Amino acid sequence: MAKPIDKIKWQELEDGAIVTEIGSAREYHTGSWRSARPVVNKDGCIKCGACWLFCPDMAISQSASGHFEADLTYCKGCGICVRECPAGCISMVDEEEA
Ligand code: SF4
Ligand code: SF4
């Protein structure tokens, strides 16, 4: 019987490869993986840009007002922006409640 996926060590993973066209990242809508989304409380935002800097998917952009918000097409809900926000003004909201 195969081991459950959460019991497999990375050293035991089989070799594999994902082949895609160069420059095709925009076509992969990683937001479909998300179970929770980051929501910014604009009143608490100091417009520092740390969320933009740390987002591993470059899924945060600055609006005309200077506030930052996630592009939900690509935000996969990792929560890194919540952890890095120095003002504590981003919270993760369950997709079913959003
Ligand atoms: S939850 Fe993750 S992917 Fe989404 S905006 Fe924040 S850092 Fe980026
Ligand atoms: S990290 Fe927080 S305070 Fe800084 S721009 Fe992003 S939401 Fe605003």
Side-chain angles (χ1 to χ4, degrees):
M1 191 168 121
K3 274 188 186 178
I5 190 73
D6 62 334
K7 302 295 181 207
I8 299 174
K9 295 178 181 170
W10 69 267
Q11 297 94 332
E12 299 170 336
L13 293 173
E14 293 182 17
D15 291 341
I18 298 173
V19 179
T20 63
E21 294 285 325
I22 293 170
S24 63
R26 282 183 196 277
E27 295 169 26
Y28 295 91
H29 296 173
T30 45
S32 63
W33 305 352
R34 197 179 54 248
S35 60
R37 67 177 62 185
V39 175
V40 177
N41 172 4
K42 291 181 179 171
D43 291 338
C45 176
I46 58 174
K47 303 178 183 177
C48 66
C51 51
W52 169 83
L53 183 65
F54 283 98
C55 175
D57 291 285
M58 298 188 74
I60 293 183
S61 57
Q62 192 171 25
S63 67
S65 68
H67 293 98
F68 289 77
E69 54 196 12
D71 180 340
L72 298 177
T73 302
Y74 298 104
C75 166
K76 61 187 181 215
C78 67
I80 291 174
C81 53
V82 175
R83 190 178 177 107
E84 298 299 335
C85 173
C89 67
I90 314 176
S91 51
M92 296 302 288
V93 175
D94 197 285
E95 278 300 321
E96 291 180 357
E97 297 167 14

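Atoms within each ligand, like the ligands themselves, are counted from 1 in listed order. Everything numeric in this text was worked out from a predicted model, so none of it was measured.
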Here the pair of heavy atoms bringing Thr30 nearest to Lys76 is O-CB, 3.5 Å
| Cys85 versus Ile90, closest heavy-atom pair with distance |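 That would be CB-CD1, 3.8 Å.
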Taking only heavy atoms of [X] into account, list the atoms of ligand 2 that are under 4.0 Å away from them.
X	answer
Ile90	7 (S)
Pro86	1 (S)
Gly49	4 (Fe), 5 (S)
Cys89	2 (Fe), 3 (S), 7 (S)

| said: Could you walk me through whether Ser91 and Val82 satisfy the side chain to side chain contact (heavy atoms under 4.5 Å, CB included) test, starting with their C-alpha distance in whole Å, then the side-chain angles of each, then the deciding distance to 0.1 Å, before giving a yes or no? | reply: CA-CA 6 Å; Ser91 51; Val82 175; 5.7 Å; no
Among all the protein's non-hydrogen atoms, which is closest to [atom], and how far away is it?
atom	answer
atom 2 (Fe) of ligand 2	Cys85 SG, 2.4 Å
atom 8 (Fe) of ligand 2	Cys45 SG, 2.4 Å
atom 3 (S) of ligand 2	Ile46 N, 3.4 Å
atom 4 (Fe) of ligand 2	Cys48 SG, 2.3 Å
atom 1 (S) of ligand 1	Gly79 N, 3.2 Å

### Task
Just let me know how Glu84 lines up against ligand 2, side chain, backbone, both or neither, with a heavy-atom cut-off below 4.0 Å.
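No part of Glu84 comes within reach of ligand 2.
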Between Glu12 and Lys9, is there a donor-acceptor pair closer than 3.5 Å when you use the side chain of the first and the backbone of the second? yes
Short question: side chain of Arg34, backbone of Glu95 - any donor-acceptor pair under 3.5 Å?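 Side chain of Arg34 to backbone of Glu95, a donor-acceptor pair under 3.5 Å: no, none is there.
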Mind checking the [atom1]-[atom2] spacing from [X] to [Y]? Nearest 0.5 Å is all I need.
X	Y	atom1	atom2	value
Cys81	Phe54	SG	CZ	11.5 Å
Arg37	Glu97	CZ	CD	11.5 Å
Tyr74	Ile60	OH	CD1	15.0 Å
Met92	Arg83	CE	CZ	13.5 Å

Considering the heavy atoms of Gly77, write down every atom of ligand 1 situated less than 4.0 Å from one of them.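 Counting from 1, the qualifying ligand atoms are 1 (S), 4 (Fe).
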Under 2.8 Å from atom 8 (Fe) of ligand 1, protein N/O/S atoms total 1
(message) I want to check something: taking the side chain as every heavy atom from C-beta on, are Val40 and Cys89 in contact at a cut-off of under 4.5 Å?
(response) yes
Exactly one candidate in His67, Glu69, Gln62 meets side chain to side chain donor-acceptor pair (under 3.5 Å) with Ser65; the answer is His67
